[in-house]
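Below: the structure, in structure tokens.
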Amino acid sequence: MTDVSQDPVAGQADAADEHFMRLALAEAGQAAAAGEVPVGAVLVAADGKTVLAQAHNCPISGRDPTAHAEIGVLRHAAATLGNYRLDGSTLYVTLEPCTMCVGALVHARVARVVYGAHEPKAGSLHSARRLMAPEAGYFNHRFAWQGGVLEAESAALLQGFFRARRGRGPVDLA
């Protein structure tokens with residue numbers, strides 16, 4: 001596990017990280033098939049084995065701007081467990097979380113976040129903002145995080161989706 005005070009990109013993924021990230025990639029594939037931005041997430045219990053929830057982006061189909069994959073797994077897991085606190089859990093997500101999702105992860109008390117591709121415009125752990133950096137004293141809870149796990153696969157899925165979308169033109173939401 002990479003501590004927030006260390007270089008998260010330098011951390012090595014283990015077999016469990018890759019396994020759960022592949023489940024998140026499968027969720028991202030479902031999002032792409034539905035015409036949503038292909039981001040998938042899996043939340044794993046503190047035991048490191050039990051999948052609490054899986055979700056993918058669905059803001060278009062759900063007509064909900066907050067329906068990011070991360071928010072979906074938090075909602076499903078909290079409902080299943082009957083508690084909004086998801087202490088000790090690990091989130092696997094194919095794209096670096098945005099500011100909204102980092103805030104939700106803090107409030108849920110997630111212990112660790114592992115993501116695939118970096119998000120240069122909106123990523124809030126490493127890329128655009130560093131909300132978990134030691135000097136950023138925004139939150140009363142901090143989680144460890146590691147980026148770049150199966151990064152090539154995550155990035156390729158996103159790049160392929162947007163390449164295809166640009167070829168088709170704008171999406172009609174009516």
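Computed over heavy atoms, backbone and side chain alike; hydrogens, waters and symmetry mates excluded.
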If we only count heavy atoms from C-beta on, is the Val113 to Leu125 side-chain gap below 4.5 Å? yes
Rounded to the nearest 0.5 Å, the SG atom of Cys58 sits from the NE2 atom of His68 at a distance of 10.0 Å
Compare every heavy atom of His76 with every heavy atom of Gln54, then report the nearest pair and how far apart it is. O-CD2, 4.1 Å
Rounded distance (nearest 0.5 Å) linking atom NE2 of His56 with atom OG1 of Thr94: 11.5 Å
Arg165 side chain to Gly35 backbone, donor-acceptor under 3.5 Å: yes
Measure the shortest side-chain to side-chain distance between Glu18 and Asp14 over non-hydrogen atoms and say whether it is less than 4.5 angstrom. no
Check whether any side-chain heavy atom of Leu131 sits under 4.5 Å from a side-chain heavy atom of Ser124, and report yes or no. yes
Applying side-chain contact (heavy atoms from CB on, under 4.5 Å) to Leu25 and Ser154, what does each step give before you reach the verdict? CA-CA 7 Å; Leu25 281 163; Ser154 296; 3.6 Å; yes
Minimum heavy-atom separation for Ala117 to Ala155, with atom names? CB-N, 4.0 Å
Going from CE on Met132 to NE2 on His141, what distance comes out if it is rounded to the nearest 0.5 angstrom? 7.5 Å
For residues Thr66 and Arg75, is any side-chain donor paired with an opposing acceptor at under 3.5 Å? yes
Kindly indicate whether the side chain of Glu153, heavy atoms from C-beta on, has any atom under 4.5 Å from the side chain of Arg22. yes
Heavy-atom closest pair (Ala41 atom, Leu91 atom, distance to 0.1 Å) is CB-CD1, 4.0 Å
Angle between ring planes, Tyr115 versus His118, binned at 30° and 60°: parallel, tilted or perpendicular? perpendicular
Working to the nearest 0.5 Å, report the span between NE2 of His19 and OH of Tyr92. 9.0 Å
Using every non-hydrogen atom in the two residues, find where Phe20 and Gly48 come nearest and quote the distance to one decimal. CE1-O, 3.5 Å
Can you check whether Val42 reaches Val73 side chain to side chain, under 4.5 Å on heavy atoms? no
Co-membership, hydrophobic cluster, residues Val106 and Trp145, 4.5 Å side-chain: yes
Can you tell me how far apart CG (Leu52) and CG (Leu43) are? Round to the nearest 0.5 Å. 5.0 Å
Counting distance only, does the side-chain N/O of Asn57 pair as donor-acceptor with the main-chain N or O of Ala69 below 3.5 Å? yes
So, Ser127 versus Glu96: side-chain donor-acceptor pair below 3.5 Å or not? yes
Mind running side-chain contact (heavy atoms from CB on, under 4.5 Å) on Phe161 and Glu36 for me, showing each step along the way? CA-CA 9 Å; Phe161 174 81; Glu36 301 277 358; 5.9 Å; no
Contact check, side chains of Tyr84 and His107, non-hydrogen atoms, under 4.5 Å: no
Sidechain N-carboxylate O distance under 4.0 Å for Arg112, Asp87: no
Honestly curious: do Val44 and Ile71 fall in one hydrophobic cluster under the side-chain, below-4.5 Å linking rule? no
Using only atom types and a distance under 3.5 Å, with no angle test, would you say the side chain of Arg63 pairs donor to acceptor with the backbone of Ile60? no
Hey, quick one: are Leu81 and Val110 part of the same hydrophobic cluster, counting side-chain heavy atoms closer than 4.5 Å, chains of contacts allowed? yes
Answer yes or no: is there a donor N or O on one side and an acceptor on the other, between the side chain of Arg142 and the main chain of Ala133, under 3.5 Å? yes
How long is the straight-line distance from CD of Glu151 back to CE of Met21, given to the nearest 0.5 Å? 10.0 Å
Which heavy atom of Gly40 sits nearest a heavy atom of Ala28, and at what distance? N-CB, 3.5 Å
May I ask you to test the Val93-Val39 pair for a side-chain heavy-atom distance under 4.5 Å? yes
Can you name the nearest heavy-atom pair linking Ala31 to Pro38, along with the distance? CB-CA, 3.9 Å
